[in-house]
Amino acid sequence: MTINEIQDQIIEEFSIFDDWLDKYNYIIELAEDVPVIEEEHKTDVNLISGCQSKVWLNAELVDGKIHFKADSNAIITKGIIALLLRVFNNREPKELIDFDLYFIDKIGLEQNLSPTRANGLLSMVKQIKLYAIAYNSKLNN
Amino acid sequence: MTINEIQDQIIEEFSIFDDWLDKYNYIIELAEDVPVIEEEHKTDVNLISGCQSKVWLNAELVDGKIHFKADSNAIITKGIIALLLRVFNNREPKELIDFDLYFIDKIGLEQNLSPTRANGLLSMVKQIKLYAIAYNSKLNN
Amino acid sequence: MDFDINKIREDFPILKQNLYSGQLVYFDNGATTQKPNSVINIINEYYSKYNSNIHRGVHYLSEKMTQAYETARKTVKTFINANSDTEIIFTSGTTESINLVAFSFGEIFINEGDEILISEMEHHSNIVPWQMLCERKKAKLKVIKLNHFGELLLGELDELLTDKTKLVAITHVSNTLGTINPIKDIIKKAHAKGAYVLIDGAQGIQHQKVDVKDLDCDFYAFSGHKIYGPTGIGILYGKEELLNKMPPYKGGGDMIKSVTIEKTVYNELPFKFEAGTSNFVGAVGLDHAIRYVQNIGIDKIAEYESDLATYATDAISRIEGVKIFGQSPNKSSIISFNIENIHHFDAGMVLDKMNIAVRTGTHCTEPIMKFFGIDGTIRASLSFYNTKQEVDKLVEGIKKVKELFG
Amino acid sequence: MDFDINKIREDFPILKQNLYSGQLVYFDNGATTQKPNSVINIINEYYSKYNSNIHRGVHYLSEKMTQAYETARKTVKTFINANSDTEIIFTSGTTESINLVAFSFGEIFINEGDEILISEMEHHSNIVPWQMLCERKKAKLKVIKLNHFGELLLGELDELLTDKTKLVAITHVSNTLGTINPIKDIIKKAHAKGAYVLIDGAQGIQHQKVDVKDLDCDFYAFSGHKIYGPTGIGILYGKEELLNKMPPYKGGGDMIKSVTIEKTVYNELPFKFEAGTSNFVGAVGLDHAIRYVQNIGIDKIAEYESDLATYATDAISRIEGVKIFGQSPNKSSIISFNIENIHHFDAGMVLDKMNIAVRTGTHCTEPIMKFFGIDGTIRASLSFYNTKQEVDKLVEGIKKVKELFG
Ligand SMILES: Cc1ncc(COP(=O)(O)O)c(C=O)c1O
Ligand SMILES: Cc1ncc(COP(=O)(O)O)c(C=O)c1O
């Protein structure tokens, strides 16, 4: 599926919630789906520090696709990471250089990616893009 | 006349004005009555500096009474000085130690003696009191 | 006057605000307080009718505005029982007040090798200015440590205070732990050693009577926005004798007597420390905030808040898995806690969706976090307009959080 | 949009105010400007509905307030065409902005023997901070002189700028003389010599288009209250590269990344320079003030004001015995004058009673007074909400003053 197909799928899934707590409940469940970064990779290099929650992100290029692993010490943050990785994981670098991330807004979680919310998620999305650019130029050399 | 009798007299005089410009006109005329300080006494010692207008005040004890001379570079200030000296001039020091200055308020010029109006008048009244205290203790020694 | 909570709540328009699914429960008073109508309206009125720059104006509006500004100074003076108006400096907030002292007091009183004593429970605003000063002057920063109740280890004070201690800078009330420090004792001990004392009153002034003459503190700093007043205005109280010795902090209009390119003569107190156009409308807002507090009575406020805090502490600590940080018997209405195995940020996000505003994180007191080995807490800070029913909602909220993440 | 003066005046409630015997004529805009309803109302609204501390909050109100605060930053960025939000620092006003640079830029860029170049027409707020810096760092303060039209003697600039000149601090528009300085040229010349340039924009920003990228200035400072916004808020624009090199000015909450007693890591731009709780409601007010100006269009404002100033200058200078100070062809809507043999303070007092608000005195520019050998002027500073009818009233007032004191 394309990035946008998955985004649309997520929007569809979330459309059934009309209560915030149900939505969070679902996000909390999703947190378990995150391809969790190994403890030894939870290094400072991989740490994206927000003021409020920590996010770790690791990337590897395998067969021309980027495999991300991640984690967070806050569960809701981690659940949102699960959603982000569902969209971004195991894709070719060039797919991740230029995309329109719209599902977060549509499912009402835009606060979590606002530049003023220091939970590390916005930085994580930026970091994903940077990895993509780096790997892409590596592939083309 | 006592200090208060003169104050009441001034209030009476001003009661005829119901226009600000007439009142100022009268004050401007009064400015000519000020017992003007001699140029050579316009020294820094006698200068009471407001930010907006300058006031000079000189005092001498003659036959147990304080003779004040004063001046200002602004005419309205000088006119108000004339009123103040009409009340305070040529009195025994002890009369000037403890008085209630009420006529300024009553004739609507209280702005001119507010601590926030930097025209030197409030400082001048304080200075008059200080001279009185100094001369009084001199007389009693 | 009777303390009528319903009438009081009517005075604060924001408390009627509906968020996601119900009325706002505002428990973030430590961060900033809400404003009564009297404050909101006076700001409106001054901008609509009297706005004009102060101090140098010859005209009606300027006179009017100047009087309002200087009246505000008198209100503050009376409120904290200072000796004179000249001891009340308007600043932009606690942080600026402390920085002013760090710079101006520092310039003249602090030399290489001198010591400044702070505590482990200070807000960053009462740590960083001293670090910067110590770096500039090669002075030494020393620290009064905490115990596990969140109290200062004052037994060590006698050792920490040396002949080199020039200043003790200590918070009145901890914004994270709620601890009310015995500042009068600390001041006495510091003075006995020849050290001056600055009290960070950011969390003190709004919750209890502050009498600077009785305390005998040398400086007391607080923020308007934390005592029901507007943002951008704060106070530094300083003893006149000390303020007179200190060089100015900022240069500019209003703080000078005369300026030539070669030589500038500074103005007298308090203007020497108020460079540039002051937040004069902010000062008027603060004036009316303090009047509001005076009208209710600070003692009545203290009593109500203490009662409410006891109720809240009791209810929250009954919830299984909740750990409260800060357990001094001398506490203000600030309750910091964590829920076992649940990240404070997760808890905060869920409480938010239940219309409850709490703060989560380090509360600008990282040394406290380090001491307790945590990276944040959930903080409910209560004010006199909060109610037991609101506390009940918080308790319900915490239970819901436990359910969700359990 | 058409420039409809009647509609515009409707936006400013204070202009309807009656003083002693008639409607206020407000010609003290150089000191502070009046506020449109949109600014007054937004302040009211934010205090009533969204007030909450910014940046660290997890809850709805805090998020909302933070967004509004950061939106204000973006509005300023766009208004002055900065490269990035991170170059926009919220301060309490021009004076603080300049003091920030004097301290932080000074700490790292100014050493013994270095030179700072200002001008003889600077406001005290752009003199005293540099005097204080020069004293602290044993640097030298040099001055661009005036001519009798109230213009800078820029012919001397090549000599005044030396290899030791580290900073040129110059006003965009003189608050006393109205002179609009050719800052783009000055900046180019200073840069050619390797000096940085700070522009004091307190009287510039509200009257004409300011494009910091086009100007290529290193710093630009202005006050919210002089551009129809609230008191207690101001802006420092600085080039990112420079701001990054400068150490922080004040220490406290929000300007740090992490704090331990031993070591503090400062936050990134712009937060590094915003210690403590910002005047967040003030920022929102400023945002709406700038939007108001943008809605009318700064070029329309400039055109209207220029027309009005020409009319006023013409009318005032026709009065016998009136001498105008500041006669550059490049002038803003500020008119300083004296009336022969009449003290400016006397004139101001009488004009006041005729409901006309002008400023009298030195206008915080004593070196200008010294240059002209006077101790003050009467200053009428006009804004786009003023009218020719109001100018006529001033002319009438001046005539009345002459009559009274004649
Ligand atoms: C040219 C100039 N610079 C600086 C200032 C200082 O501005 P503020 O008092 O708002 O800090 C003013 C205002 O009086 C000014 O006119
Ligand atoms: C104890 C304490 N000190 C200082 C401050 C700083 O106050 P402000 O941010 O208003 O300058 C705060 C507020 O956060 C505080 O709680």
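Note that the coordinates shown come from a computational prediction; the quantities given were computed from them, not determined experimentally. Lettering follows sequence order; numbering is per chain, from 1.
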I need the D/I54 CD1 to C/T32 OG1 distance, nearest 0.5 Å.
10.0 Å

So what's closer than 4.5 Å to chain C heavy atoms on D/K49: side chain, backbone, both or neither?
both

Heaviest contributor of heavy-atom pairs below 4.5 Å to chain D, chosen from C/E135, C/E262, C/R136, is C/R136

Please state whether the side chain, the backbone, both or neither of D/V259 comes within less than 4.5 Å of a heavy atom of chain C.
both

Tell me, for C/V143 versus chain D, whether the close heavy atoms (under 4.5 Å) come from the side chain, the backbone, both or neither.
side chain

Looking at C/A31, C/S48, C/P13, which makes the most heavy-atom pairs under 4.5 Å with chain D?
C/S48

Side-chain donor or acceptor of D/D352 paired with backbone N/O of C/H59 under 3.5 Å:
no

One should read off an interatomic distance between C/S278 OG and D/H225 NE2, to the nearest 0.5 angstrom, of 9.5 Å

Mind telling me whether D/Y249 and C/Y249 have parallel, tilted or perpendicular rings, with 30° and 60° as the class edges?
parallel

Does any backbone or side-chain atom of C/M369 lie under 4.5 Å from a heavy atom of chain D? Answer side chain, backbone, both or neither.
neither

I need the minimum non-hydrogen distance between C/P248 and D/M132, along with the two atoms involved.
O-CE, 3.6 Å

Is a donor on one side and an acceptor on the other found under 3.5 Å between the side chain of D/Q131 and the backbone of C/G251?
no

Where on D/V358 is there a heavy atom nearer than 4.5 Å to chain C: the side chain, the backbone, both, or neither?
backbone

Can you tell me if C/E366 uses its side chain to pair, donor with acceptor, with the backbone of D/T260 under 3.5 Å?
no

Quick check on the interface: out of C/L141, C/D28, C/I233, C/N355, who has the most heavy-atom pairs with chain D under 4.5 Å?
C/D28

Partner of C/K250 under side chain to side chain contact (heavy atoms under 4.5 Å, CB included), chosen from D/V128, D/L100, D/N99
D/N99

Side chain, backbone, both or neither: which part of C/K16 has an atom under 4.5 Å from a heavy atom of chain D?
neither

Contacting moiety of C/I118, where chain D heavy atoms sit under 4.5 Å
side chain

Using non-hydrogen atoms only, which part of C/T94 is less than 4.5 Å away from chain D: side chain, backbone, both, or neither?
neither

With C/N175, which residues qualify under side chain to side chain donor-acceptor pair (under 3.5 Å), at least two apart?
none

side-chain contact (heavy atoms from CB on, under 4.5 Å) between C/I43 and D/I43, worked out:
CA-CA 9 Å; C/I43 292 170; D/I43 292 170; 4.1 Å; yes

Under 4.5 Å from any heavy atom of chain D, what part of C/P230 do you find: side chain, backbone, both or neither?
both

To the nearest 0.5 angstrom, please state how far the CD1 atom of D/I127 sits from the OG1 atom of C/T264.
7.0 Å

Shortest non-hydrogen contact between D/Y60 and C/L19, atoms and distance
CD2-CD2, 3.5 Å

CG on D/N53 to CG on C/N29, rounded to 0.5 Å
11.5 Å

Roughly how far, to the nearest 0.5 Å, is CG of C/N51 from OG1 of D/T231?
7.5 Å

Using atom types as modelled and distance alone, determine if a side-chain donor or acceptor of D/Q17 lies under 3.5 Å from a backbone N or O of C/Y50.
no

Contact leader toward chain D among C/S258, C/S92, C/S223, where contacts are heavy-atom pairs under 4.5 Å:
C/S258

Atom of D/K35, atom of C/Y47 and distance for their closest heavy-atom approach
CG-CD2, 3.5 Å

Search all heavy atoms of D/I261 against all heavy atoms of C/P367 and return the closest pair with its distance.
CD1-CG, 4.0 Å

Donor-acceptor pair, side chain of D/S125 and main chain of C/G253, under 3.5 angstrom:
yes

Euclidean distance, D/N44 CG relative to C/I40 CD1, rounded to 0.5 Å
6.0 Å

